[in-house]
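Below, all heavy atoms of this structure are taken into account, side chains as well, without hydrogens, waters or symmetry copies. Atoms within each ligand, like the ligands themselves, are counted from 1 in listed order.
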Amino acid sequence: MLRSIGAIRRDPLAFLAAMRASYGDVLQFPIPVPATYLVTDADAVRRVLVTNAKAYGKRTLQYTTLALVTGEGLLTADTEAWRRQRPVIQPAFHRASLELVAGHVRTAIDRLLARWARSDGQVVDVDEAMMHVALEVVGASLFGSDLSRDAERLADATLAALDVVVRKARSPLPVPVAIPTPTNVVLRRAVAKLDAAVDAMLADRATRPLPEGCPPRDMLDLLLAAHDDDGSHLSRQQVRDQVVTFIVAGHETVASALTWAWHLLATNPEELGRLRDEVDAVCPGGSPGFADLARLPRTAAVLDETLRLYPPAWVITRRSLAPDVLGGVDVPADALIIMSPWLVHRDSAAWPDPERFDPSRFLGEDGLRRREVVASSAYLPFGAGPRLCVGRDMALLEGALVLASLVARVDLEPVGPPPRAVPLVTIRPADGLPMRVRLRG
Ligand code: HEM
């Protein structure tokens, strides 16, 4: 392991792939504490996430570090706290909210196109643009369409805190937050700013409560109205934790998927042509809305296939709460289980010619979106089982609408060398994604 530290830092994805190639689908790393396993066998993954999910918790370095920012939000909350919250939060992602999200996508895309009109023919960073769009959409979905100064401050503070957390997670010697190292001081300040921004948002919302009988204006209204069976509402701290969680979980993930979709389309012109044909036929004006989605199966398939090749959540971790057997290997209690959608999605047994970008895997007769592969957990960009991504439908809707809107209205031509994938919180291109943008006539 010590000899491998350089290789892990240089290219974690290649390191994990090499480990699996040498040692198989369920392997143990020679680390004394905690006992650490890389699990890439689809059945074993399914056991951890779905069939024996209650025997696994989220007290892992990945999630405890993230929880420094997101607190007891849905993504990081463990077991009992999570069980109480999930049914209370879930309705915030129902159809009415998704229709609002579709409107926010349109606004964000119109703004982006206005910016790109000024850069027509020039090179732009598509990765930066997708981050911008995704942040705008999640911000507007949470706080309403006119993003106030407070909302902007909140998003900025969240990203600053997240940045520190990523640096902490990558540091070889994790220092407890109580010790005032420079990084911890920056983190404490960022979290204090975050809390102040949430307080300001909530104070503002208290001055203009939702009028009786009116539909919720945004997810914040839904969170504030949410209650469990005995009628109790989320506390201020719980609302804060969910808001921050949605920004963290719902922004870079979507942006990463979209960035890689543009890369894959640009390097597979035939697929780009097929996608464009579909969009031009369904919405000739190039402004698809919620109602058009059902008629854009290829657009959805392009996104599905992108999520297979570049799953933004490239690792999912769990802590075993009891001994278990995974793929024939005895796993003790308190072990760290590392699962990698990146590797699972490249297993040639489930995905013939796995490196090839082929959206038709998810279409028609061959549609692997169908039962077997998904049910076997050989496809898990959004996780699986009870902790499946609560924002999945929102992400798929947002992703498809952004792809369809832009493919109809702009040409993006790759420039420079192919992007190198770097696994951070999500998988990002090392140096952005420079492309020449041309508005279509
Ligand atoms: C392409 C975009 C997205 C991807 C790839 C993605 C991926 C994931 C994955 C893999 C998990 C499960 C983690 C685990 O089991 O440990 C998850 C959970 C979660 N995601 Fe997403 N996500 C995306 C978009 C979103 C959006 C848009 C939101 C909200 C605005 C969101 C909010 C959440 C939350 C709250 C959880 C925790 C659910 C729970 O444990 O009950 N995600 N996501």
- Can you say whether the rings of Phe29 and Phe15 are parallel (under 30°), tilted (30 to 60°) or perpendicular (over 60°)? parallel
Would you please classify the geometry between the Phe362 ring and the Tyr379 ring as parallel, tilted or perpendicular, with 30° and 60° separating the classes? tilted
For Phe93, the atoms of ligand 1 under 4.0 Å from one of its heavy atoms are 29 (C), 30 (C)
Of all protein heavy atoms, the one nearest atom 12 (C) of ligand 1 is Arg387 O, 3.6 Å
Review point. Is there any N or O on Arg86 that sits under 3.5 Å from an N or O of ligand 1?
Key: yes
Among non-hydrogen protein atoms, atom 20 (N) of ligand 1 lies closest to Cys389 SG, 3.1 Å
Measure the shortest side-chain to side-chain distance between Pro288 and Leu401 over non-hydrogen atoms and say whether it is less than 4.5 angstrom. yes
Taking only non-hydrogen atoms of Ala313 and a 4.0 Å limit, the atoms of ligand 1 in range are 10 (C)
among protein heavy atoms, the one nearest atom 37 (C) of ligand 1 is Leu75 CA, 3.5 Å
If we number the atoms of ligand 1 from 1 as shown, the ones under 4.0 Å from a heavy atom of Ala395 are 1 (C), 2 (C), 24 (C)
In Tyr310, Trp342, Trp314, the residue satisfying ring pair (Phe, Tyr, Trp, His ring centres under 6.0 Å) with Trp260 is Tyr310
Here the atoms of ligand 1 under 4.0 Å from any heavy atom belonging to Ile316 are 10 (C), 14 (C), 15 (O), 16 (O)
Counting heavy atoms under 4.0 Å, the part of Arg318 that contacts ligand 1 is side chain
In ligand 1, the atoms that come under 4.0 Å of a heavy atom of Tyr63 are 13 (C), 14 (C), 16 (O)
Nearest non-hydrogen contact to atom 7 (C) of ligand 1 from the set Gly383, Ala53, Pro381 belongs to Pro381
Within 4.0 Å of some non-hydrogen atom of Val390, the atoms of ligand 1 are 34 (C), 35 (C)
Honestly, for Lys58 the part within reach of ligand 1 (heavy atoms, under 4.0 Å) is side chain
So for Pro312 against ligand 1, with non-hydrogen atoms under 4.0 Å, the contacting part is side chain
